[in-house]
There are 2 protein chains.
Amino acid sequence: MTISKNNKNITVFDVARQAGVSKSTVSLVLTESDKVSERSREKVLKAIDELGYVYNRDAAALRSRRSNLVGIVINDLTNPYSAQLAVGLERHIRAMDYMSVLVNSGEDFATQKQLVQKLKEYRLAALVICPAPGTDAAWVNQQIDAGIPVIHIMRDVAGARAPVVIPDNIRGTRLATQHLLNRGFKHIAFIGGSESISDFHERLCGFNQAVDGAGLNKQHITRIQAQTNRHGGRQAVIQALEADPLLQAVVCFNDVIAYGAIEQLRALGRVPGQDIAVVGFDDLEDSCRMSPALSTVHIDADEIGRAVCKLLGNKKDAVASEGRILVDVEFIPRSSG
Amino acid sequence: MTISKNNKNITVFDVARQAGVSKSTVSLVLTESDKVSERSREKVLKAIDELGYVYNRDAAALRSRRSNLVGIVINDLTNPYSAQLAVGLERHIRAMDYMSVLVNSGEDFATQKQLVQKLKEYRLAALVICPAPGTDAAWVNQQIDAGIPVIHIMRDVAGARAPVVIPDNIRGTRLATQHLLNRGFKHIAFIGGSESISDFHERLCGFNQAVDGAGLNKQHITRIQAQTNRHGGRQAVIQALEADPLLQAVVCFNDVIAYGAIEQLRALGRVPGQDIAVVGFDDLEDSCRMSPALSTVHIDADEIGRAVCKLLGNKKDAVASEGRILVDVEFIPRSSG
DNA sequence: ATTTACATGTGGAACGTTCCAAATTGTTAA
DNA sequence: TTAACAATTTGGAACGTTCCACATGTAAAT
């Protein structure tokens, strides 16, 4: 019924014949070389269009020993911030004429290892990783030594020879916390996050910097870790209130934690933003539209994408360029805190 | 400083020499053929390990004319359900030893076209698409004719010769609506969704089926379209209450709409789940943990993944197998409705 | 012993591109 | 007009695998 799939593919040779040039000239056009006359270029483009030729990346990658695939390993795609980040990254990477292979480690180092092992078989142009907890520097360096340019995002791996693009976490929570201190709150908690990842330490550090300088009673400062999801936020708020019933303000590890905290406060009959102030981190799309609108630290996912692409651009052949790109953050006060 | 990247790669030839067999035998091992003795297999595996050989997918794909890349085109990754779906799909696809290239169309048909054009250059094993609004059958069929096995998910494109995996939308909203009718509500609204996609029509159809059979006053049935995000949900609730101030229950196009609706009701001083019942569709991870816990229609993202993989398995060489796989849904009553 | 059958193993050719070095054409200066 | 040089074009080789047809070895059947 269907036309029996012709076994022969349309190749550069067919295009060349149709355009009346050599296969090499066709290749030059395809690779956007400037060593080709405008006249030939047009003939080739016309032939490509007429024949419906489609470029074969496999052959190109094989011969040129360079892929245009960029691997993106995300820690947890079901986290809205990660998803937002992934979308931003993907768009930028595509704009640079790379294609992104997006995979999800689910915060599991073993899965991450397996994934990267698979990805290596595609000779990636680069590997962008938001490292799962437990990622060790030795493993990362091993990948780099194997010739894969690795770029870390959002989280640092101490000792890894990979450049990292990371929001200014310390400044972010410091700003958020100072805002609460300025409003006169004396009983403050930092909730959420987990010890095994670097951003927790940084965000907590910013919190500590702010409260340490304020000369508050140590008893009135609470710190609670929790799973990074709504449920974690709810649990953490319960614990924080147990630790200090006079709690006035909560600095959350991120917006999702804040969402959980707000829900739990409400369930306990407290009015979030009024009885107890809540601030987040990430500035998810929903955060400005919810009620109360969430005060939070804004990270520009787009700027992270741009920074990654700048690194990608440098990656001509130099492997293992180090460096730390800090993406600026901004505290946005809204009605929740 | 760094060891100058050795220009020679480790290939099947190196492995063959190390193992004392021919390159062809190595290839047989790599492709997991059963035409190779256990003894040779072990020698080859040992050599691979010793040399740190990594398979070159580009070369393999070029020669065998078959890729193990599956393209996934998601309509909107920032939508939590889509993200959840993508994660499930990716995991299943990976389990079948395929690799997934995940891209995001952002609900834009032009973007979707560009993306697919790029993806074609990788000679995908299959293309899984959640079609953006405006996707027309002619375009889809053209891709299929070009030899790419297309599988649609979540949304139907009338006239396209592609199999589709879709939740039982009609049954879902019918069950949800019937639940509300059984509770005795007489003033009901369906809110959210947009005309340009098939699932809207199906979910609305389920709603209509249920209310039509109940012999209610037509004046007490409201239908409001809205953007598929929280904000859309909030707007829609406002409009629905304007249309029928005695509104008792709301059937939402999906959970995100329901989240917005609940927020807005609260902002208006109504207690969701008590003054006005709200039910959703999707059963996002958060839905069972929020308060009030959201009554909603559960779709198993995992089952969609499984169904897609079954289609993938069938795709030996048969292009354009049609068919419609309906994934079962379940109404889960919770406290919101 | 001789054939038959079957399970394994093998060396070339091929996949569709890019690279390279050399050839051809076009352009400017002497 | 020609030499010198730059711009453009080109055919063969190469990238690392799989396919194919055939060779070899081993066991069973004659």
Side-chain angles (χ1 to χ4, degrees), chain A residues 5-45 47-48 51-69 120-125 147 317, chain B residues 5-45 47-48 51-69 120-125 147 317:
Chain A
K5 201 171 156 188
N6 195 332
N7 220 14
K8 274 294 172 212
N9 257 324
I10 295 166
T11 74
V12 278
F13 289 93
D14 303 310
V15 176
R17 191 178 326 112
Q18 174 92 357
V21 298
S22 77
K23 65 171 182 11
S24 301
T25 302
V26 175
S27 173
L28 289 173
V29 172
L30 290 172
T31 54
E32 294 184 330
S33 162
D34 54 355
K35 293 183 193 310
V36 87
S37 71
E38 193 52 33
R39 214 167 56 84
S40 302
R41 225 179 69 85
E42 273 167 15
K43 280 193 294 185
V44 169
L45 257 24
I48 285 177
L51 296 174
Y53 163 81
V54 354
Y55 188 53
N56 187 325
R57 292 267 173 200
D58 294 321
L62 171 59
R63 172 61 230 209
S64 70
R65 297 155 153 284
R66 103 174 62 94
S67 160
N68 81 143
L69 245 33
K120 275 168 139 179
E121 301 181 349
Y122 298 93
R123 320 275 144 143
L124 302 174
D317 16 27
Chain B
K5 201 170 158 188
N6 195 332
N7 221 13
K8 273 295 171 213
N9 257 322
I10 295 166
T11 74
V12 278
F13 288 93
D14 303 310
V15 175
R17 193 177 328 111
Q18 175 91 356
V21 297
S22 78
K23 63 166 183 18
S24 302
T25 303
V26 175
S27 174
L28 289 173
V29 173
L30 289 172
T31 54
E32 294 183 329
S33 162
D34 55 355
K35 291 183 194 311
V36 86
S37 72
E38 192 53 33
R39 214 166 55 84
S40 303
R41 227 179 67 85
E42 274 166 16
K43 281 193 292 184
V44 169
L45 257 24
I48 285 176
L51 296 174
Y53 163 81
V54 353
Y55 189 54
N56 187 325
R57 291 269 174 199
D58 294 320
L62 172 58
R63 173 60 227 211
S64 69
R65 298 154 152 285
R66 102 175 64 92
S67 159
N68 82 143
L69 247 30
K120 275 167 138 178
E121 300 182 348
Y122 298 92
R123 319 275 145 142
L124 301 172
D317 18 27

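Residue numbers begin at 1 in each chain, while the letters A, B, ... track the order of the sequences.
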Sugar-phosphate, base or nothing in reach of Phe13(B), heavy atoms under 4.0 Å: base
Could you report the tightest heavy-atom contact between Tyr55(B) and Arg123(A), atom names first, then the distance? O-NH2, 3.3 Å
Answer with base, sugar-phosphate or nothing: what part of the nucleic acid does Arg39(B) contact at a heavy-atom distance below 4.0 Å? nothing
From dC19(D), dC15(C), dG9(C), pick the nucleotide closest to the side chain of Arg66(B)? dC19(D)
CZ/Arg65(B) to CZ/Arg63(B) distance, rounded to the nearest 0.5 angstrom? 8.5 Å
Considering all heavy atoms of both residues, which atom of Tyr122(B) and which atom of Asp58(A) are nearest to each other, and what is their separation? O-OD2, 4.0 Å
Is the number of heavy atoms from other residues, nucleotides or ligands under 6.0 Å of Glu32(B) CD greater than 12? no
Nearest-0.5 Å distance that lies between atom CG in Leu62(B) and atom OG in Ser67(B): 12.0 Å
Nearest-Å distance for atom pair CG/P, residues Asp14(B) and dT17(D): 9 Å
Report which part of the nucleic acid Val36(B) touches: base, sugar-phosphate, or nothing (heavy-atom distance under 4.0 Å, all strands). sugar-phosphate
Separation of atom CG in Leu30(A) from atom P in dT9(D), rounded to whole Å: 14 Å
Anything under 3.5 Å between a protein N or O and an N or O of nucleotides 11-13 of chain D, put it in a table, one pair a line.
from: dG11(D); atom 1: N7; to: Lys23(A); atom 2: NZ; distance (Å): 3.1
from: dG11(D); atom 1: N7; to: Ser24(A); atom 2: OG; distance (Å): 2.9
from: dG11(D); atom 1: O6; to: Ser24(A); atom 2: OG; distance (Å): 2.7
from: dG12(D); atom 1: N7; to: Lys23(A); atom 2: NZ; distance (Å): 3.3
from: dG12(D); atom 1: O6; to: Lys23(A); atom 2: NZ; distance (Å): 2.7

So which atom in Ala59(A) and which in Asn56(A) form the shortest heavy-atom distance, rounded to 0.1 Å? N-OD1, 3.1 Å
Solution key, residues 24-31 of chain B side-chain donor-acceptor pairs under 3.5 Å, sequence neighbours excluded:
from: Thr25(B); atom 1: OG1; to: Ser22(B); atom 2: OG; distance (Å): 3.3
from: Thr31(B); atom 1: OG1; to: Ser27(B); atom 2: O; distance (Å): 3.0
from: Thr31(B); atom 1: OG1; to: Leu28(B); atom 2: O; distance (Å): 3.2

With a non-hydrogen cut-off below 4.0 angstrom, is Ser27(B) in contact with a base, only sugar-phosphate, or nothing? base
Out of dG16(C), dG9(C), dT9(D), whichever nucleotide has its closest atom nearest the side chain of Ala59(A): dG16(C)
Please give, in whole Å, the distance from dT8(D) P to Arg41(A) CZ? 13 Å
Watson-Crick and G-U pairing of DNA chain C, under 3.5 Å, as dot-bracket with | and [ ]: ||||||||||||||||||||||||||||||
Thr25(B) side-chain proximity, nearest of dC19(C), dT17(C), dT10(C): dT10(C)
Taking every non-hydrogen atom, the tightest pair across Val54(A) and Glu121(B): CG2-CA, 4.3 Å
Between Glu38(B) and Arg123(B), name the one whose nearest nucleotide on DNA chain C is closer to the 5' end. Glu38(B)
Whole Å only: how far is the CG atom of Leu28(A) from the P atom of dG16(C)? 20 Å
